[in-house]
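What follows is a set of notes on a single structure, which appears directly below.
So you know, we letter chains A, B, ... as the sequences are listed, proteins then strands, and number each from 1. Just so we're clear, the structure is a prediction, and the values are computed from it rather than from any experiment.
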Amino acid sequence: DVKVTQSSRYLVKRTGEKVFLECVQDMDHENMFWYRQDPGLGLRLIYFSYDVKMKEKGDIPEGYSVSREKKERFSLILESASTNQTSMYLCASSTNDGNQPQHFGDGTRLSIL
Amino acid sequence: AQSVTQPDIHITVSEGASLELRCNYSYGATPYLFWYVQSPGQGLQLLLKYFSGDTLVQGIKGFEAEFKRSQSSFNLRKPSVHWSDAAEYFCAVAPFFNKFYFGSGTKLNVKP
């Protein structure tokens, strides 16, 4: 089975801090994704990456950046955390086969105080 | 622009009753279609997927979904709901292999 591991289940940080969320997948997937999930809004794509060192903006990239130095690892960075970034963050991965789903990690619930 | 609509935010059904969760999408061609389930505090787990062929697809946990091209719908069904099915359900469409659009979710409560 595909395993997508997010480094923290819960995280509490302060306003203005630089925050790193880490995600690792073990299936050699080409594509990796970061979403944020808020009640009533579903999942919104922040960034995705289709190859090492490649990234594409999603629907809500403002205030975030990403890093993909190795194929299995995709990091989400909050450059200067703000309270409106308090949310659940979900990482996913997928292959380039058109008929394959995205596989998700368990999520990181991030609180910015 | 592509969009996915799940018109029901909350649904409550009695254990043993049947269930139908609605999903409509807006896209010119037939995209790839998925249903995911999310238990509290967890990530999303794939229930089933549709790419082509038979419009009725079977998934895990006794769920099925029917694709109706004329209605741009992909509704999820289960004949008899169990208390463990209480969760949030998300419909997703993928017009491209690496671009998924998710609905806002439907929370299912199951009454004993």
Side-chain angles (χ1 to χ4, degrees), chain A residues 1-10 21 23-25 27 29-51 54-60 68 74 88-110, chain B residues 1-10 21-26 29-54 57 59-60 63 65 67 74 87-107:
Chain A
D1 279 354
V2 177
K3 184 71 174 175
V4 179
T5 303
Q6 294 184 230
S7 54
S8 303
R9 292 297 305 274
Y10 302 93
L21 303 184
C23 176
V24 177
Q25 50 96 1
M27 284 302 293
H29 283 171
E30 295 85 359
N31 306 308
M32 296 188 75
F33 308 81
W34 275 107
Y35 295 89
R36 76 176 268 177
Q37 181 182 13
D38 300 288
L41 297 179
L43 277 70
R44 292 180 291 166
L45 182 64
I46 304 171
Y47 269 96
F48 71 96
S49 167
Y50 52 87
D51 201 353
M54 306 302 289
K55 61 184 179 184
E56 293 282 343
K57 291 181 180 180
D59 300 315
I60 53 164
R68 194 168 181 199
F74 192 36
M88 169 74 104
Y89 290 87
L90 291 167
C91 175
S93 72
S94 71
T95 71
N96 277 338
D97 292 335
N99 60 359
Q100 294 304 310
Q102 294 187 4
H103 298 268
F104 284 83
D106 285 338
T108 296
R109 186 162 294 282
L110 175 64
Chain B
Q2 295 85 7
S3 68
V4 182
T5 302
Q6 293 180 247
D8 303 306
I9 299 173
H10 293 276
L21 303 182
R22 295 181 289 165
C23 174
N24 293 92
Y25 65 90
S26 169
T30 299
Y32 301 131
L33 298 162
F34 306 85
W35 274 99
Y36 286 86
V37 61
Q38 185 181 36
S39 298
Q42 302 295 317
L44 274 67
Q45 180 185 18
L46 180 71
L47 283 175
L48 47 78
K49 57 188 179 184
Y50 172 79
F51 304 120
S52 63
D54 192 347
V57 294
I60 63 171
F63 285 92
F67 168 61
F74 188 54
E88 191 161 16
Y89 293 80
F90 291 92
C91 178
V93 301
F96 314 105
F97 66 88
N98 61 358
K99 185 71 171 173
F100 275 51
Y101 295 90
F102 287 85
S104 55
T106 298
K107 282 190 177 174

Please report the closest heavy-atom contact between B:S104 and A:G40, naming both atoms and the distance.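 Result for this residue pair: CB-O, 3.5 Å.
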Of all the heavy-atom pairs spanning B:L46 and A:P101, show the shortest one and how long it is.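 For B:L46 versus A:P101, the nearest heavy atoms are CD2-CG, 3.4 Å.
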Which answer fits [X], side chain, backbone, both or neither, if we ask what part of it has an atom under 4.5 Å from a heavy atom of chain B?
{"X": "A:Q37", "result": "side chain"}
{"X": "A:Y35", "result": "side chain"}
{"X": "A:L43", "result": "both"}

[X] [atom1] to [Y] [atom2] distance, which is reported to the nearest 0.5 Å:
{"X": "B:F34", "Y": "A:Q100", "atom1": "CZ", "atom2": "CD", "result": "8.0 Å"}
{"X": "B:Q42", "Y": "A:R9", "atom1": "CD", "atom2": "CZ", "result": "5.0 Å"}
{"X": "A:L45", "Y": "B:F100", "atom1": "CG", "atom2": "CZ", "result": "11.0 Å"}

Is [X] in contact with chain A via its backbone, its side chain, both, or neither, using a 4.5 Å heavy-atom distance?
{"X": "B:Q45", "value": "neither"}
{"X": "B:Q6", "value": "neither"}
{"X": "B:I9", "value": "neither"}
{"X": "B:Y50", "value": "neither"}

Could you tell me which residues satisfy side-chain contact (heavy atoms from CB on, under 4.5 Å) with A:E30, sequence neighbours excluded, listed by chain and number?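 Result, side-chain contact (heavy atoms from CB on, under 4.5 Å) vs A:E30: A:K71, A:T95, A:N96.
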Who in residues 103-110 of chain A is close to chain B, using a strict under-4.5 Å heavy-atom cut-off?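 Under the 4.5 Å heavy-atom cut-off, A:F104, A:G105, A:D106 qualify.
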